[in-house]
Amino acid sequence: MTKPLEDFTWQEIELGGILREPGSARDYKVGDWKSQHPVWTKSHCIRCGVCWTVCPEGAIIEEEGGYFDVNLDYCKGCGICARECVIGCISMVTEEE
Ligand code: SF4
Ligand code: SF4
């Protein structure tokens, strides 16, 4: 019988969450988690790239002409891009069922 977790010392707890290969995040599509996704009003965008730098998932892609959009496979709907956009031209839109 295994003992309760609180009875283990930290030295006895098995290591977990080890990333063995660089770039493995590409294998984990987190897009299904989101309840909202960002939408760009490109006519207002000044192409500064701030949204691209702040996305924690690397889900924002640069398009031809220097505008940006989202790869929905990796966006988890956190809204950071919309919050940090210097112009306010990204809106978070609720996912349809
Ligand atoms: S909502 Fe979050 S995860 Fe999705 S593109 Fe914006 S910053 Fe990235
Ligand atoms: S932060 Fe806003 S203005 Fe800057 S590139 Fe992104 S969408 Fe455009």
Side-chain angles (χ1 to χ4, degrees):
M1 197 171 108
T2 56
K3 55 187 176 179
L5 187 60
E6 59 267 24
D7 292 343
F8 283 84
T9 65
W10 68 267
Q11 295 95 335
E12 294 173 312
I13 297 173
E14 203 172 313
L15 289 176
I18 300 170
L19 301 177
R20 298 183 192 282
E21 299 289 336
S24 61
R26 280 191 208 100
D27 298 336
Y28 299 99
K29 296 187 176 175
V30 294
D32 288 349
W33 299 358
K34 63 185 173 304
S35 58
Q36 294 186 316
H37 67 270
V39 173
W40 274 252
T41 303
K42 289 180 187 165
S43 57
H44 295 174
C45 174
I46 60 169
R47 298 178 281 180
C48 64
V50 167
C51 54
W52 181 82
T53 65
V54 297
C55 175
E57 294 301 319
I60 295 177
I61 45 178
E62 187 174 0
E63 297 184 318
E64 218 171 289
Y67 293 99
F68 294 87
D69 212 326
V70 64
N71 181 336
L72 293 173
D73 282 344
Y74 298 105
C75 169
K76 61 184 177 192
C78 65
I80 292 173
C81 55
R83 171 75 186 246
E84 297 299 324
C85 172
V86 296
I87 298 295
C89 68
I90 304 175
S91 307
M92 295 303 290
V93 174
T94 303
E95 293 281 291
E96 290 178 18
E97 303 233 344

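Just so you know, ligand 1 is whichever comes first in the structure, and atom 1 is the first atom listed for that ligand. For the numbers below, each heavy atom of this structure counts, side chains included, while hydrogens, waters and symmetry mates do not.
Smallest separation of non-hydrogen atoms from Y74 and A59: C-CB, 3.8 Å. Listed here is the closest heavy atom pair of I60 and C55: CD1-CB, 3.8 Å.
Close contacts of ligand 1 with C55, meaning ligand atoms under 4.0 Å from a residue heavy atom, involve 3 (S), 5 (S), 7 (S), 8 (Fe). In summary, the atoms of ligand 1 found under 4.0 Å from a heavy atom of I60, numbered by their order in the structure, are 5 (S). Every atom of ligand 1 is numbered from 1 in the order shown, and the set under 4.0 Å from a heavy atom of P56 is 7 (S). Taking every non-hydrogen atom of G49 and a distance limit under 4.0 Å, the qualifying atoms of ligand 2 come out as 4 (Fe), 5 (S). Each of the following atoms of ligand 1 lies closer than 4.0 Å to a heavy atom of V70: 5 (S). Near G79, meaning under 4.0 Å from any of its heavy atoms, are these atoms of ligand 1: 1 (S), 2 (Fe).
Annotation: cation-pi geometry satisfied between R47 and Y67 (NZ/CZ under 6.0 angstrom from ring centroid, within 45° of ring axis).
Interatomic distance, SG of C78 versus CZ of R83, reported as 11.5 Å (0.5 Å rounding).
Grouping the Ile, Leu, Val, Met, Phe, Trp and Tyr side chains by contacts below 4.5 angstrom, directly or via other members, places V54 apart from I61.
In terms of protein heavy atoms, atom 4 (Fe) of ligand 1 is closest to C75 SG, 2.4 Å. Nearest protein heavy-atom contact of atom 3 (S) of ligand 1 is K76 N, 3.5 Å.
Taking distances strictly below 2.8 Å, the protein N/O/S atoms close to atom 2 (Fe) of ligand 2 are C85 SG.
Taking the charged nitrogens against the carboxylate oxygens, D32 and K76 have no contact shorter than 4.0 Å, which rules out a salt bridge. A salt bridge does not link E57 to K29: none of the charged side-chain nitrogens sits closer than 4.0 Å to a carboxylate oxygen.
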Before giving the answer on side chain to side chain contact (heavy atoms under 4.5 Å, CB included), spell out for W40 and C51 the whole-Å C-alpha distance, their side-chain angles and the decisive distance to 0.1 Å.
-> CA-CA 10 Å; W40 274 252; C51 54; 3.9 Å; yes
Give the intermediate values and the outcome of side chain to side chain contact (heavy atoms under 4.5 Å, CB included) for residues H37 and T94.
-> CA-CA 7 Å; H37 67 270; T94 303; over 6 Å; no
Criterion side chain to side chain contact (heavy atoms under 4.5 Å, CB included) on K3 and E12, from CA distance to verdict = CA-CA 11 Å; K3 55 187 176 179; E12 294 173 312; 3.4 Å; yes
Before giving the answer on side chain to side chain contact (heavy atoms under 4.5 Å, CB included), spell out for Q36 and E95 the whole-Å C-alpha distance, their side-chain angles and the decisive distance to 0.1 Å.
-> CA-CA 5 Å; Q36 294 186 316; E95 293 281 291; 5.6 Å; no
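In this structure, G58 falls outside the shell of residues with a heavy atom less than 4.0 angstrom from ligand 1.
Coordination check, C78 versus atom 2 (Fe) of ligand 1: passed, since an N/O/S atom of the residue sits under 2.8 Å.
The proximity of V54 to ligand 1, defined as any non-hydrogen pair under 4.0 Å, does not occur for either the backbone or the side chain.
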